[in-house]
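Here's the structure, in structure tokens; my notes come after.
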Protein chains: 2
Amino acid sequence: MAQNQLKQTKQRRMIVEEFVKMNAHVQAEQLYIRVNVRGAKVGLATIYRTLNLLKEAGLIEQCVFSDGRSVFELATPGQHHDHLVCLDCGDIAEFENEAIEQLQKEIASERQFILYSHRLYLYGSCHKCQMKNPTKASVA
Amino acid sequence: MAQNQLKQTKQRRMIVEEFVKMNAHVQAEQLYIRVNVRGAKVGLATIYRTLNLLKEAGLIEQCVFSDGRSVFELATPGQHHDHLVCLDCGDIAEFENEAIEQLQKEIASERQFILYSHRLYLYGSCHKCQMKNPTKASVA
DNA sequence: ATATATGCAAACGGTTTGCAGGGAG
DNA sequence: CTCCCTGCAAACCGTTTGCATATAT
């Protein structure tokens with residue numbers, strides 16, 4: 001838990017608990033709904049404030065997709081993954097690729113750029129959606 | 001020009017003209033200012049509508065950074081570049097890396113995912129800012 | 001007791017939309 | 001002459017903030 005000079009409150013406990021249950025790709029709004037469905041009233045503002053605290057504490061990470069929605073995930077120290085985003089159903093899959101990570105480091109160091117983080121998004125159509133839609137035009 | 005069943009108007013001409021002059025990393029707000037500085041009044045809404053049309057026509061591409069700002073660039077058919085974003089000064093540099101592009105295609109095809117596009121962002125501190133700031137803590 | 005956290009509602013910033021008037025074809 | 005485009009202002013959406021109250025320590 002966030003024992004970083006933060007008070008422990010029942011809403012924070014609930015938020016963290018539900019976050020962990022959702023266990024990936026958490027959106028503030030959804031978390032808000034899930035927390036409130038089961039009893040206690042927690043304001044949306046508190047959800048956002050808590051998510052930001054957790055992010056600052058390095059416990060969770062944020063990904064901003066091209067459609068503007070923001071998704072949070074439990075931080076996985078040491079490793080990293082990126083996302084395959086289906087533009088048809090909105091589904092998000094993950095992948096890891098050490099070779100790409102390595103190339104990124106090379107690119108950064110070539111330019112004397114200090115890398116703090118990176119995000120790689122692959123946008124397209126997942127297998128499921130290809131089955132559903134006989135043909136498909138491209139999108140950005 | 002966008003001869004895709006679109007009417008040619010003086011505001012559209014001005015927008016495109018200024019867009020090309022800025023020649024990279026165009027933000028709607030900036031474009032709005034530049035177009036209006038030199039004469040004619042063009043509404044922000046028209047800027048957005050035109051940018052969206054150009055995007056749909058495949059003439060420009062949009063990148064959404066993690067801080068929410070959205071940047072447009074002339075489409076470069078056939079090739080692609082990605083971005084190094086400095087979290088200190090906001091500067092954006094570009095790079096191309098064929099090996100990374102290749103790996104992405106492999107990842108997608110392994111998962112039977114049809115790739116439409118992708119975005120890779122490297123976030124960190126550029127050389128200039130490293131000089132200015134003796135020490136620096138990390139950011140997401 | 002004291003500082004921090006909460007809920008609410010209002011503010012925000014970037015983007016989109018509805019509408020009445022204007023201009024391209 | 002018709003339909004598309006424009007400007008304006010209002011609506012939107014996700015997120016943040018101010019404030020008075022409630023709560024953890």
Side-chain angles (χ1 to χ4, degrees), chain A residues 1-19 25-57 59-73 85 90 92 140, chain B residues 1-19 25-57 60-72 85 90 92 140:
Chain A
M1 285 263 167
Q3 255 65 297
N4 312 27
Q5 56 237 333
L6 299 177
K7 284 186 180 170
Q8 198 173 136
T9 66
K10 77 169 142 317
Q11 26 284 77
R12 284 183 181 173
R13 256 177 268 122
M14 294 188 72
I15 291 170
V16 171
E17 194 182 314
E18 278 304 314
F19 192 112
H25 309 139
V26 177
Q27 285 173 247
E29 193 75 36
Q30 292 175 354
L31 186 52
Y32 172 67
I33 293 166
R34 317 248 314 208
V35 168
N36 283 301
V37 157
R38 52 197 294 281
K41 292 159 61 78
V42 177
L44 231 200
T46 301
I47 302 278
Y48 279 108
R49 283 190 275 236
T50 304
L51 287 174
N52 283 330
L53 288 171
L54 293 171
K55 182 168 70 164
E56 270 150 42
L59 298 168
I60 65 178
E61 288 176 359
Q62 181 175 19
C63 280
V64 181
F65 295 98
S66 65
D67 61 2
R69 56 188 176 139
S70 202
V71 166
F72 294 85
E73 311 178 330
V85 183
I92 302 164
Chain B
M1 285 264 168
Q3 255 65 297
N4 312 28
Q5 55 238 336
L6 300 176
K7 283 186 180 169
Q8 199 173 134
T9 66
K10 77 168 144 318
Q11 23 288 74
R12 284 183 181 172
R13 256 177 269 121
M14 293 188 72
I15 291 171
V16 172
E17 195 182 312
E18 278 305 313
F19 192 112
H25 308 138
V26 177
Q27 286 172 249
E29 192 75 35
Q30 292 175 355
L31 186 52
Y32 171 66
I33 294 167
R34 316 247 314 206
V35 169
N36 283 302
V37 158
R38 51 200 292 283
K41 291 160 60 80
V42 177
L44 231 200
T46 300
I47 303 279
Y48 279 108
R49 284 190 274 235
T50 305
L51 288 174
N52 283 329
L53 288 172
L54 293 171
K55 183 169 68 166
E56 271 150 41
I60 64 176
E61 289 176 357
Q62 180 175 22
C63 279
V64 180
F65 296 99
S66 66
D67 61 2
R69 58 189 174 138
S70 201
V71 166
F72 295 84
V85 183
I92 302 164

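Naming: A, B, ... by sequence-line order, numbering from 1 per chain. Worth knowing before you read on, the calculation uses all heavy atoms, side chains too, and leaves out hydrogens, waters and symmetry mates.
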Out of dA3(C), dT15(C), dT15(D), minimum distance to the side chain of K7(A) belongs to dA3(C)

Taken to the nearest whole Å, CG/L53(B) to P/dT15(C) is 16 Å

Has R12(A) got a side-chain N or O lying under 4.0 Å from the OP1 or OP2 atom of dA5(C)?
yes

Q.
Just N and O in the side chain of T9(A): are any of them under 4.0 Å from OP1 or OP2 of dA24(D)?
A. no

Does K41(A) make a side-chain N or O approach to OP1 or OP2 of dC8(C) shorter than 4.0 Å? yes

Correct closest heavy-atom pair for I60(A) and L51(A) would be CD1-O, 3.5 Å

For V35(A) and I15(A), the nearest pair of non-hydrogen atoms, with its separation, is CG2-CA, 4.1 Å

Value for CZ (F65(A)) from OG (S66(B)), rounded to nearest 0.5 Å, stands at 12.5 Å

Of R34(A), R13(A), R12(A), the one forming a salt bridge (Lys or Arg N to Asp or Glu O under 4.0 Å) with E18(A) is R34(A)

ask   = Judged by modelled atom types alone, do T46(B) and Q11(B) share a side-chain donor-acceptor pair under 3.5 Å?
value = no

Record whether the side chain of R49(A) comes under 3.5 Å of the base of dG7(C) through a donor-acceptor pair of N or O atoms.
-> yes

In whole angstroms, the gap separating C1' of dT15(D) from CG of L31(A) amounts to 14 Å

(request) Indicate whether OP1 or OP2 belonging to dG7(C) is found under 4.0 Å from a side-chain N or O atom of Q11(A). (result) yes

M14(A) CE to dT6(C) P, in whole Å, measures 12 Å

Note: for Y48(B) and A45(A) on DNA chain C, the residue whose nearest nucleotide lies more 5' is A45(A)

Whole-Å distance, K55(A) NZ to dT15(D) C1', equals 11 Å

To the nearest angstrom, the CG-C1' distance between L44(A) and dA10(C) comes to 14 Å

Whole-Å distance, R69(B) CZ to dC12(C) P, equals 22 Å

Rounded to whole Å, the CD1-C1' distance (I47(B) to dT6(D)) equals 12 Å

To the nearest angstrom, the CG-C1' distance between N52(A) and dA5(C) comes to 15 Å

